[in-house]
Participant: 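Okay, handing you the structure first.
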Amino acid sequence: MNEKEIEVLEIIEHNGRQSIDTIAKMIDLSVEETAEIIKHLEDKKVIVEYAAVIDWAKVEGDSTIKAMIDVKVTPKREVGFDEIARRIYRYDEVKSVYLMSGAYDLSVTVEGKSMAQVAQFVSEKLSTLDSVLSTTTHFIMKQYKHDGTIFDEGDSDKRIVVSP
Amino acid sequence: MSDRFLSKTASDLEPSGIRRFFDLAASMEGVISLGVGEPDFTTSWKIREASILSLEEGYTSYTANPGIPELRQEIAYYYASKYNTAYDPLEEVLVTVGASQAIDLAIRAIVNPGDEVIVVRPSFVSYLPVVQLVGGVPVPVDTTDVTHFIPTVEQIEAAITERTKAILICSPNNPTGTVMDKKSLADLAELCVAHDLVVISDEIYSELSYDEPHTSIASLDGMKERTIIINGFSKGFAMTGWRLGFALGPEAIVQAMLKIHQYTTMCASTTAQYGALEALRNGWDDVVHMKKSYQRRRNYIVRSFEEIGLPCHKPGGAFYAFPSIRPTGLSSVEFAEALLNEEKVAVVPGNVFGPSGEGHIRCSYASSMDHLQEAIRRMERFVSSYLASSQEEASEAVSTKP
Ligand SMILES: Cc1ncc(COP(=O)(O)O)c(C=O)c1O
């Protein structure tokens, strides 16, 4: 990966809607060169998706419940943790799956319309999978910071309008 | 009127042109400001935290006059490791209230009434007044965009007289963003050695040098014994409100500065010094991150200015672009005032940095990309209307010719 490619990634990771024209100026290349870099990164699936970070807590009537579930599993010969991870991530309710070091094996984020729905998913779907030994469910109560973005309140600009 | 109470020095002093413009801009709502001479980052949390901890631990008394020894040690280490110049932390390093105080002390320590100090312009607004306050005579050397605002040896040499004591330089520069390359610094150094001059080198923007590593003139042959380095935490570490700077220089000069500092200020803020200590020890990742971000914004704004018809040399450092506004036919004050009134974008007219700044505006790009993009949209609208009318005028002038 060259320096300009990394710069493009840093810029659009922060703002996926930045125009190619602006990105081109920021990294000091032509629009054509920049478009080519972006296309290349998309083709290689380095850029996987353009997504927005949304504070759903601000959306009235939204009742999405999120939980993080620590899952202990017995890894299988040959396929290790991959097989069970795949079985888990295919459920629509599951938003993320990470293999962890430490006290448990998989960290699974689940979303549902209510606590009951999430609880049901965990008890009926997740816990009953063959290799799952145990689950510990933590409901998320408030989101302060996600992927480097602070949800609380932006640091407002406290500078005076003109200074030396 | 109580003007009669004023000292002659105080009443002779010109109010800063920035100040006047600030009052105008501050009275308006919804202004996007490119007029800000300070980072848009808040000081990194670890630095703020270190200061809070120092308060919790009860560090609330005076420090040693020249600053806490650990901080002087770190400052000396910073210059030794970055520039390969060794300073004695006990005798040759002084912690000050901002770079501003360091500049004042440097001038007071070396200038006798009547002594001349060469100041390269366009320059930071405080240089001339500070020289005048001690009865010195500032001798401006005016540079233009033809030389990317770098003074030529001939220009400097022509300004030197028997009374010349020192030359004040600033690289990277406020307001032009110009970085003096190694060759021009070497030429200048040679001149200073030949004429036995002191150099006051304002390196407050040293960490914000984008295209090449910053060179301190003190690191060049024969210069350490005649250079007073001015630096601080305001810009690189985003700590303007902390009021913490420092000076490095020959022992005799630094000790003279210390005497003045001791009688006028005692010492810099204790709390700020503990924050600064953390900055030098553990704050470098943040400096790199901020610098990268400024660099992209510089690239963006310089190319955008060129596109909307304001020629702009690519500044190598600091966070200012200094585009020419001559194509609009307006003076820098007219441009800045009309832009503020019509489009609510605040910039600083170039002439407040000296007459050689006329025809330019200072635009700080220490502002979010969103703000910069909006500012450019507004400026494009503004500039295109003036470009159109100045072209019309030109063609009318042609067509009315007999
Ligand atoms: C060239 C230059 N020197 C010195 C200063 C003052 O810095 P400080 O905040 O450390 O006093 C500034 C601030 O704008 C500056 O631009």
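Heavy-atom basis, side chains included; hydrogens, waters and symmetry copies ignored.
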Participant: By a 4.5 Å heavy-atom criterion (distance strictly below it), what part of B:Phe124 contacts chain A: side chain, backbone, both, or neither?
Facilitator: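 Contact with chain A involves the side chain of B:Phe124 alone.
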Participant: Between B:Met28 and chain A, with a heavy-atom cut-off of 4.5 Å, which part of the residue counts as in contact: side chain, backbone, both or neither?
Facilitator: neither
Participant: Hey, mind stepping through A:Val162 and B:Ile18 against side chain to side chain contact (heavy atoms under 4.5 Å, CB included) and telling me if it holds?
Facilitator: CA-CA 7 Å; A:Val162 175; B:Ile18 288 202; 3.7 Å; yes
Participant: Looking at OG of B:Ser33 and CG of A:Asp157, how far apart are the two atoms once the value is rounded to the nearest 0.5 Å?
Facilitator: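 Between B:Ser33 OG and A:Asp157 CG, I get 8.5 Å after rounding to 0.5 Å.
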Participant: Counting only heavy atoms not in A:Tyr144, do more than 12 sit closer than 6.0 Å to its OH atom?
Facilitator: no
Participant: Could you tell me which portion of B:Ser304 (side chain, backbone, both or neither) has an atom closer than 4.5 angstrom to a non-hydrogen atom of chain A?
Facilitator: both
Participant: Tell me if the CG atom of B:Asp23 is crowded by more than 12 foreign heavy atoms within 6.0 Å.
Facilitator: yes
Participant: Measure the spacing between CE of A:Met26 and CZ of B:Arg298 and express it to the nearest 0.5 Å.
Facilitator: 12.5 Å
Participant: Where does B:Val348 contact chain A at under 4.5 Å (heavy atoms): side chain, backbone, both or neither?
Facilitator: side chain
Participant: Tell me if the NZ atom of A:Lys39 is crowded by more than 12 foreign heavy atoms within 6.0 Å.
Facilitator: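 Counting other residues, nucleotides and ligands, NZ of A:Lys39 stays at 12 neighbours or fewer.
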Participant: If you look at every heavy atom in A:Ile160 and B:Phe22, which pair is closest and at what distance?
Facilitator: CB-CE1, 3.7 Å
Participant: For B:Gly37 versus A:Ser163, what's the shortest heavy-atom pair and its separation?
Facilitator: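 For B:Gly37 and A:Ser163, the tightest heavy-atom pair comes out as N-OG, 2.8 Å.
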Participant: Should we count CZ of B:Arg377 as having more than 12 external heavy atoms under 6.0 Å?
Facilitator: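 Atom CZ in B:Arg377 is crowded, with more than 12 foreign heavy atoms closer than 6.0 Å.
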Participant: With a 6.0 Å cut-off (strictly less than), is the heavy-atom count around NE2 of A:His138, excluding the residue itself, greater than 12?
Facilitator: yes
Participant: Will you find, in the side chains of A:Gln18 and B:Gln373, an N or O donor that is under 3.5 Å from an N or O acceptor?
Facilitator: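 Result is yes, a qualifying pair exists.
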Participant: Taking everything shown except B:Glu342 itself, do over 12 heavy atoms lie less than 6.0 Å from its CD?
Facilitator: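 Counting other residues, nucleotides and ligands, CD of B:Glu342 exceeds 12 neighbours.
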Participant: So what's closer than 4.5 Å to chain B heavy atoms on A:Ile23: side chain, backbone, both or neither?
Facilitator: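 A:Ile23 has no heavy atom closer than 4.5 Å to chain B.
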Participant: What residue in A:Ile27, A:Ile11, A:Asn15 has the most heavy-atom pairs under 4.5 Å with chain B?
Facilitator: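 Highest number of heavy-atom pairs under 4.5 Å: A:Ile11.
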Participant: Looking at CD of B:Glu307 and CG of A:Asp21, how far apart are the two atoms once the value is rounded to the nearest 0.5 Å?
Facilitator: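 The distance works out to 6.0 Å.
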Participant: Contact part of B:Tyr365 toward chain A, heavy-atom cut-off under 4.5 Å: side chain, backbone, both or neither?
Facilitator: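 For B:Tyr365, there is no contact with chain A at all, as no heavy atom is under 4.5 Å.
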Participant: With a cut-off of 6.0 Å (strictly less than), are more than 12 heavy atoms of other residues, nucleotides or ligands near CG of B:Asp285?
Facilitator: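 Atom CG in B:Asp285 is not crowded, with 12 or fewer foreign heavy atoms closer than 6.0 Å.
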Participant: Determine, step by step, whether B:Arg296 and A:Lys25 satisfy the side chain to side chain contact (heavy atoms under 4.5 Å, CB included) criterion, reporting the C-alpha distance in whole Å, the side-chain angles of both residues, the deciding distance to 0.1 Å, and the verdict.
Facilitator: CA-CA 8 Å; B:Arg296 289 181 192 142; A:Lys25 285 178 185 158; over 6 Å; no
Participant: Does CD belonging to A:Glu36 count more than 12 external heavy atoms closer than 6.0 Å?
Facilitator: no
Participant: Kindly indicate, with the supporting measurements, whether the criterion salt bridge (Lys or Arg N to Asp or Glu O under 4.0 Å) is fulfilled by B:Glu38 and A:Arg159.
Facilitator: CA-CA 8 Å; B:Glu38 59 183 322; A:Arg159 300 175 299 170; 5.3 Å; no
Participant: Report which part of B:Asp40 has an atom under 4.5 Å of a heavy atom belonging to chain A: side chain, backbone, both, or neither.
Facilitator: both
Participant: Going from OG1 on A:Thr22 to CG on B:Asn299, what distance comes out if it is rounded to the nearest 0.5 angstrom?
Facilitator: 12.5 Å
